Amino acid sequence: MSRFTSRLLNWYRQNGRTLPWRGHRDSYAVWVSEIMLQQTRVETVIPYFEKWIKRFPTVKALAQSSEQDVLNLWEGLGYYSRARNLHQAAKIVIEQYNGELPHDLDALRELPGIGRYTVGAIASMAFGMDEPTLDGNIRRVLARVFDVSEPADSRAGEKILWELAAKHLPKGEAGNYNQALMDLGATTCLPKNPHCLICPVMCLCKAHELGIQEKRPVMKPKKKTPHYIHAAAVIEKNGRVLLAKRPSKGLLGGMWEFPNARVNGDPAKELAKTIQTATRLKVRRKEALEIVEHAYSHFSVATHPFRCELVSMPENQNLKWVRVGELEDYPMGRIDRQIARQLN
DNA sequence: AACACGTGGGA
DNA sequence: TTCCCAAGTGT
């Protein structure tokens, strides 16, 4: 075992985090946690994980649930294709693998939502296999300790990093090794202001020696997400409001929302016309609500809800009248949920 | 290879 | 306010 690995594992025994999915015998729990943790903070995931395991305790329970129920539990977590993929994969595991996640790496990789990282995580943590993995934390730790100057998100950089991860992997302890790397990255080897003075591998770290910690890993410049303003209509009739279901693919796939459309100029001026065009409803503006603007930091939308009077009924199958008190049953993105809550 | 895909928190 | 990030995957 390399000095690097030895120090890392020793640190992990004392400093590893206690998390709800660790120590679970069940590979399903590991699987669920890994999917939820993709691009998502641990603190955000914990309550969702607890709820999820209570509501869907087994692969079978998940497979037999409706997509509506699944998306409802995922609401607020973001990246909703993860929920749809997890649901779909559960059905495959029931039908093709007798309800047990396959130990075969290729079979695992073919399940929707399970990529190279998740295969390594599940194989090592749930099955005790000697498999490396590479996530944002591990990438950062390795790029610093071994001074990888190649862009970490390039083909060449990834190859180098996967090889480093594999090279230092201790036989029989891959699960602890992978989790140790992730914990070190999450608690000590931080993207900004890393805590080098308390790092167990400081004395081995090339980036620290050169004083270039924050210059590793090298990343390709990323494009920023555009910001659009949408107008949303709260259309009431007989104590119900009109909801629209988004297409199952793409942004907020499968989620419900208030009929809305993008606006360009002055929202107040374009509202009725825009909504009318978007929903093919004949609507008449009746009473303006307080204008609310929600700005996302990544994908961005702003909404301007208003009440309006329905003139004619559309035949769109994705539209549904829902009692205000039952809006909670319909999975929505955060903006629409915020509007829904304002309706009381 | 480059992009789309959510959200909440911190600087 | 604006920007960047945080346990990736699918196309």
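Chain identifiers are assigned alphabetically (A, B, ...) following the order of the sequence lines, protein sequences preceding nucleic acid strands; residue numbering begins at 1 within each chain. Atom set for the values below is all heavy atoms of this structure, side chains included, hydrogens, waters and symmetry mates excluded. Just so we're clear, the structure is a prediction, and the values are computed from it rather than from any experiment.
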Can you confirm whether or not the ring centre of [X] sits under 6.0 Å from the ring centre of [Y]?
| X | Y | value |
| --- | --- | --- |
| A:Y97 | A:H103 | no |
| A:W74 | A:Y48 | no |
| A:F146 | A:F4 | yes |

### Query
With distance as the sole test, does A:R144 use its side chain to make a donor-acceptor pair with the main-chain N or O of A:R216 at under 3.5 Å?
yes
### Message
Is it the case that the side chain of A:R82 and the backbone of A:L77 share a donor-acceptor pair, with hydrogens and angles ignored and the cut-off at 3.5 Å?
### Response
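Checked: pair present.
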### Task
Select from A:D183 and A:I114 the residue whose nearest nucleotide in DNA chain C is closer to the 5' end of that strand.
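The 5'-side residue here is A:D183.
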### Over all atoms of both residues, closest heavy-atom pair of A:K51 and A:L73
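Between these two residues, the closest heavy atoms are O-CD2, 3.7 Å.
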What integer number of Å spans the [atom1] atoms of [N] and [M]?
| N | M | atom1 | result |
| --- | --- | --- | --- |
| B:dC3 | C:dC4 | P | 15 Å |
| B:dC5 | C:dA6 | C1' | 14 Å |
| B:dG6 | C:dT11 | P | 14 Å |

Please give, in whole Å, the distance from [N] [atom2] to [X] [atom1]?
| X | N | atom1 | atom2 | result |
| --- | --- | --- | --- | --- |
| A:M219 | B:dA2 | CE | P | 13 Å |
| A:K249 | C:dG10 | NZ | P | 12 Å |
| A:I122 | C:dT9 | CD1 | C1' | 13 Å |
| A:M182 | C:dG8 | CE | P | 9 Å |
| A:R140 | C:dA6 | CZ | P | 5 Å |
| A:E158 | B:dA2 | CD | P | 12 Å |
| A:R82 | B:dG6 | CZ | C1' | 8 Å |
| A:D153 | B:dA1 | CG | C1' | 11 Å |

Any base atoms under 4.0 Å from [X], or only sugar-phosphate, or nothing? Heavy atoms, all strands.
| X | value |
| --- | --- |
| A:I138 | nothing |
| A:G253 | nothing |
| A:W21 | base |
| A:L190 | nothing |

### Query
Near A:K60 NZ, under 6.0 Å, is it more than 12 heavy atoms from other residues, nucleotides or ligands?
no
### Message
Would the base of C:dG8 count as contacting A:Y117 through its side chain, where contact means a donor and an acceptor less than 3.5 Å apart?
### Response
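Between C:dG8 and A:Y117, which were checked side chain against base, a qualifying N/O pair under 3.5 Å is absent.
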Tell me whether the OP1 or OP2 atom of [N] has a side-chain N or O from [X] closer than 4.0 Å.
| X | N | result |
| --- | --- | --- |
| A:T118 | C:dT9 | yes |
| A:K220 | B:dA2 | yes |
| A:R109 | C:dG10 | yes |
| A:K222 | C:dC5 | yes |
| A:Y80 | B:dT7 | yes |

### Task
Please tell me which of A:R155 and A:N193 maps to the more 5' nucleotide of DNA chain B, matching each residue to the nucleotide holding its nearest heavy atom.
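The residue mapped nearer the 5' terminus is A:R155.
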### Message
Can you see whether A:W256 has A:R337 sitting over its ring - NZ or CZ less than 6.0 Å from the centre and within 45° of the normal?
### Response
no
### Query
Does anything in residues 27-48 of chain A reach DNA chain B, meaning a heavy atom under 4.0 Å, and if so which residues?
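Listed by number, they are A:Q39, A:T40, A:R41.
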